[in-house]
Amino acid sequence: MRWQLMVKALSVSAFMGLLLLLVNQQWGSWISSMDPWPSSQKAPSEDPLVLSSRKFEWETQTPHPLELRYPYSYPFLINHPDKCGGLRDAPFLLILVMSKPQDVGIRQVIRQTWGNETLVPGVVIRCLFVLGLPPPLFAQKLQDLLAEEDKEHGDLLQVGFLDTYRNLTLKVLMGLEWMAQYCPTAQYVLKVDSDVFLNPTFLVQQILQPNRPLKLNFITHIFRNSVPLWMQGHKWYMPPELYPQNMYPEYCAGLGYVMSGSLALRILTEAQRVKVIHLEDVFVGLCLQQLKVKPTPSPPNTFLIFWRKYDHCTFHQLVLVHHFQHQELLRIWPDFLRATTSC
Ligand SMILES: *[C@@H]1O[C@H](CO)[C@@H](O)[C@H](O)[C@H]1NC(C)=O
Ligand SMILES: *[C@@H]1O[C@H](CO)[C@@H](O)[C@H](O)[C@H]1NC(C)=O
């Protein structure tokens, strides 16, 4: 009886091993078939010589597993070079939404709510979803779905690395590389997560103010005096080998931050030199520290890092609320759009 069980267990694990091997090989060949990156797609700010020597570094040493491969020529697999409508029609605000390949439904809700580009009258807004490669097992199927979704909406930006939480910094950086290459005159860039409530009208009219002079070196601010977490297994774990200091610099909470377009380009340039870590908001903070740029405090209670129960008047006076589920977003949106008369 026990012997039979053992044979069974052995054969099952052998089968699983074989399956994994197969999937891995498939995955490897699929990735490498996507790897070539036409030189015309290179961001203009990259010095090819520096880039290639850094690439070589990656092949000669074994980096810490949480250190990310960057700078590196990740290809744009789904791209919309004309999304910004050329240099003359530069958007006032470019929204880069961090999305996961499988989150088709969430993207649909965002398009119908705060991602609607025509929400703020008289202001050009462009909204793109930035995503990586789907998990290996269902890659081809999901990839077909993504192509279909993009054909309908034309707003996906897919970059050629595995889409994991640990790779989020790469997503942000590749979003900025896209901006540098195809939308360099965008006046402001908003990096935003997909589990938020966003009020673009308040952001544009009350904070950015299109009829006022452009704020150079502008970036919204929330966090200061925070410390690295050294508890292994925590979502925000930071190994001391990777970040030895015991304080983080000032940084902008990752749920969403707005930068002037010119600062976004300077951050990208700095990012070619700073060691890239997996906590993207801290990483952007490190770049800001190098650039000696201080984030601008946002008006109190306008960027909420915790969930808040929906209230018509309160939500009209703020920019962002974190941890907002898409079903809830869809449910409150009609009320949110209702004319505000008595606030
Ligand atoms: C975006 O808003 C406009 C009105 O401002 C509306 O006509 C359009 O249907 C909306 N788009 C989506 C995808 O909901
Ligand atoms: C990030 O993406 C690369 C390239 O696809 C992949 O090899 C790596 O495992 C990913 N890193 C993490 C920490 O998920």
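Values reported hereafter were calculated over all heavy atoms of this structure, with side chains retained and with hydrogens, waters and symmetry mates removed. We count ligands from 1, going down the list as the structure has it; atoms in each ligand are counted the same way. Counting from 1, the numbers follow the sequence of the chain as shown.
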Check ion pair Lys171-Glu280 (N to O, under 4.0 angstrom): no

SB check Glu152 Arg111 (cutoff 4.0 Å):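 So Glu152 does not pair with Arg111 through a salt bridge.
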
Per-atom contacts of ligand 1 with Asn116, taking only distances under 4.0 Å to non-hydrogen atoms: 1 (C), 2 (O), 3 (C), 8 (C), 10 (C), 11 (N), 12 (C), 14 (O)

Interfacing atoms of ligand 1 (cut-off 4.0 Å, heavy-atom, Gln112):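 Going through ligand 1 atom by atom, the ones under 4.0 Å from Gln112 are 14 (O).
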
Atoms in ligand 2 flagged as close to Thr164, the criterion being non-hydrogen separation under 4.0 Å: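 With Thr164 as reference, the close atoms of ligand 2 come out as 12 (C), 14 (O).
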
Arg166 neighbourhood, listing ligand 2 atoms whose heavy-atom distance to it stays under 4.0 Å: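 Ligand 2 atoms under the 4.0 Å threshold to Arg166: 13 (C).
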
Leu162 N/O under 3.5 Å from ligand 2 N/O: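 N/O-N/O distance below 3.5 Å exists for this pair.
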
From the candidates Leu68, Asn167, Asp163, the one that places a heavy atom nearest atom 11 (N) of ligand 2: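 It is Asn167 that holds the nearest heavy atom.
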
Flag if over 12 foreign heavy atoms under 6.0 Å of CH2, Trp230: yes

Protein contact of atom 5 (O) of ligand 1 - nearest heavy atom, named by residue and atom, plus distance: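 Looking at atom 5 (O) of ligand 1, the protein heavy atom closest to it is Thr118 OG1, 3.6 Å.
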
Residue and atom name of the nearest protein heavy atom (relative to atom 13 (C) of ligand 1), distance in Å to one decimal: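 Of the protein heavy atoms, Arg111 O, 3.7 Å lies nearest.
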
Contact summary for Thr302 and Phe202, nearest pair of heavy atoms: CG2-CE2, 3.8 Å

Heavy-atom closest pair, residues Val97 and Cys127: CG2-SG, 3.8 Å

Any non-hydrogen protein atom less than 4.0 Å away from atom 9 (O) of ligand 1: no

Axial cation check for Tyr182 ring with Lys83, 6.0 Å and 45° limits: no

Glu328 and Trp307: side chain donor to acceptor below 3.5 Å: yes

